[in-house]
Participant: 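Sending over a structure as structure tokens; questions will come in a sec.
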Amino acid sequence: MKVFAKIMGISTATLAALFAVYYYNLDMRLMRSIVVPILDKHYDSVKREHLI
């Protein structure tokens, strides 16, 4: 019975954490604050073959 209680506790905590990430849109905030500046820096430094 203790194992079942631990599994339910861990799954409840996991579900709560995933809901918080979804509700507050934390994955996109992370992308915007960390990943997008790195990609912008990279693509701004790429030499263009065809200028528009």
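Nothing fancy with the numbering, it's 1 onward along the sequence.
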Participant: Hey, quick one: are Met31 and Tyr43 part of the same hydrophobic cluster, counting side-chain heavy atoms closer than 4.5 Å, chains of contacts allowed?
Facilitator: yes
Participant: Mind listing the closest non-hydrogen atom pair of Val21 and Asp27 along with its distance?
Facilitator: CG1-N, 4.2 Å
Participant: If hydrophobic clusters are built by linking Ile, Leu, Val, Met, Phe, Trp and Tyr wherever their side-chain heavy atoms come under 4.5 Å apart, do Met28 and Leu39 end up in the same one?
Facilitator: yes
Participant: I need the minimum non-hydrogen distance between Ser33 and Pro37, along with the two atoms involved.
Facilitator: O-CG, 3.7 Å
Participant: Under a single-linkage definition using a 4.5 Å side-chain heavy-atom cutoff for Ile, Leu, Val, Met, Phe, Trp and Tyr, are Tyr24 and Tyr22 assigned to the same hydrophobic cluster?
Facilitator: no
Participant: Nearest 0.5 angstrom please: Leu30 CG to Asn25 CG, how far?
Facilitator: 11.0 Å
